Structures are given as structure tokens and as C-alpha cells.
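Just follow the structure's listing: the first ligand is 1, and inside any ligand the first atom is 1. Everything quoted here is computed from the prediction, not taken from an experiment.
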Amino acid sequence: MPSPPTVTPLLVAELLVEGERMPVCVHVIDHPDGRVLVDTGMPEVHPSVADMDPRLIPLSEQDLDLASIDFVVNTHLHFDHCGGNRLFAGTPIYVQRRELEDARSEEDYTIPEWVDAPGVGYVPVDGELEVLPGVRLVPAPGHTPGSQVIVVEMDERPVVIVGDTAVWSGELDEPSTVGQRLVRALDPELAWLAHEREPWRPRTG
Ligand SMILES: [Zn+2]
């Protein structure tokens, strides 16, 4: 039996939000059939978000060979999740079609030139999609209508990468959106959030 996939968080930025430092993490899935990057952080400061005093740890300076990434998945297209997409020109980037349409049409949704940077090519997805054996994209509306989570099947319970479907762990303890309830219904061993350093785990007992 092949070894199960692994999910590794990488801290790529810290933003100042309401006086506190909020981490921005991306996640690497190492699967026997491919290597996937979930979200791409923000490699530079854009004037429109300079008030968040971003501290950046760019992907290009991390212990990660960008050329080793087979494809990228965006949980959603807010600026702190898609800023590094331009580093992956020519690499397929999977995103829900609804999310892509909203990011391209709604005002103040994101930083448009980060979404459609030169050479960036999207694979718009309608609903669930298995991208590798046991790795599924699943729509999870809530944080944005077009958000998706990534479900990684393990030997027992799955690991879920939720992006901002929960911005902090407490939201999964008391789920209030369709997406949060979906994550709970998957009964994961743990869930990785984009803005928490430690994964959420369901309480036992
Ligand atoms: Zn975010």
C-alpha cells in the first residue's frame, strides 16, 4: 500500500488586523501521484493593503522548489490567497468557477491584477472534483460564495484544508455557515486553516 499523502503548512506572511498579527499560511500536499500547492499567499505589498503592515516570507525564499508543484488550488481569490499565483504561470490553477467570476466582476473583492497576472491560467471547477486519487475539491460557501475546501483522504479520517471557510478555529467548534458545517460533517482528523498556525481538531469526549 502506498504511503498516505502529507500536508505541510508554510507561513508566508503576517498581517496586522485589529492590532494583532494574523498569520497567512499556504499548504503543500505531497501525494504519491503529485505535489499540490493550496493558495499562494502574497509575495509583495500592494498599496491598497499597506495599512495591514504585511511582513512577508515569500514562497520564493522558502525551502520549496516552486518548479516541483504540479498544480495549484485556490480556496478562494482574496488577495492574501492568490497573490503568488503569478509565480505559477503555465501551471494549472484550480478554482471554483463562481469564485473566479466574482473575483473578476465584484468591486473591492480582491486585487484584480494579482488574480489575472500575466501567464496565469485557471481551471474553473463546477462543484466537486477529484484532482488526485483521494484528493477532492469540495465547494464550501460561507466566507465567499465560491469558496472551496480540499479533502485529503488518509488511512483513517481525512485531513481538510479549509482556507478561510473558518478564519479562526472557534468557528469550527460552533459552525454557522454551509461550508463550516460541511467541514464538520466530513469528521476530519484535523483541519488546516489559512490564518492559524496550529490545525483545528475536533474535541473528543
Ligand atoms: Zn484570508
### Message
For a quick test of reading the model, state the closest non-hydrogen atom pair linking L77 to C82 and the distance between them.
### Response
O-SG, 3.5 Å

#### Entry: All pairs passing ring-ring contact (aromatic ring centres under 6.0 Å, His included) where residues 148-190 contributes a residue, at least two apart
none

### Query
Excluding waters, how many protein N/O/S atoms sit closer than 2.8 Å to the Zn ion (ligand 1)?
4

### Query
Is the ring centre of H81 less than 6.0 Å from the ring centre of H195?
yes

### Task
State, with a plain yes or no, whether a side-chain heavy atom of I69 is found less than 4.5 Å away from one of V36.
no

### Task
Go through the side-chain N and O atoms of N85 and Y122 and say whether any donor and acceptor fall under 3.5 Å apart.
yes

### Task
Answer yes when E174 and R184 have at least one side-chain N-carboxylate O distance shorter than 4.0 Å, and no when they do not.
no

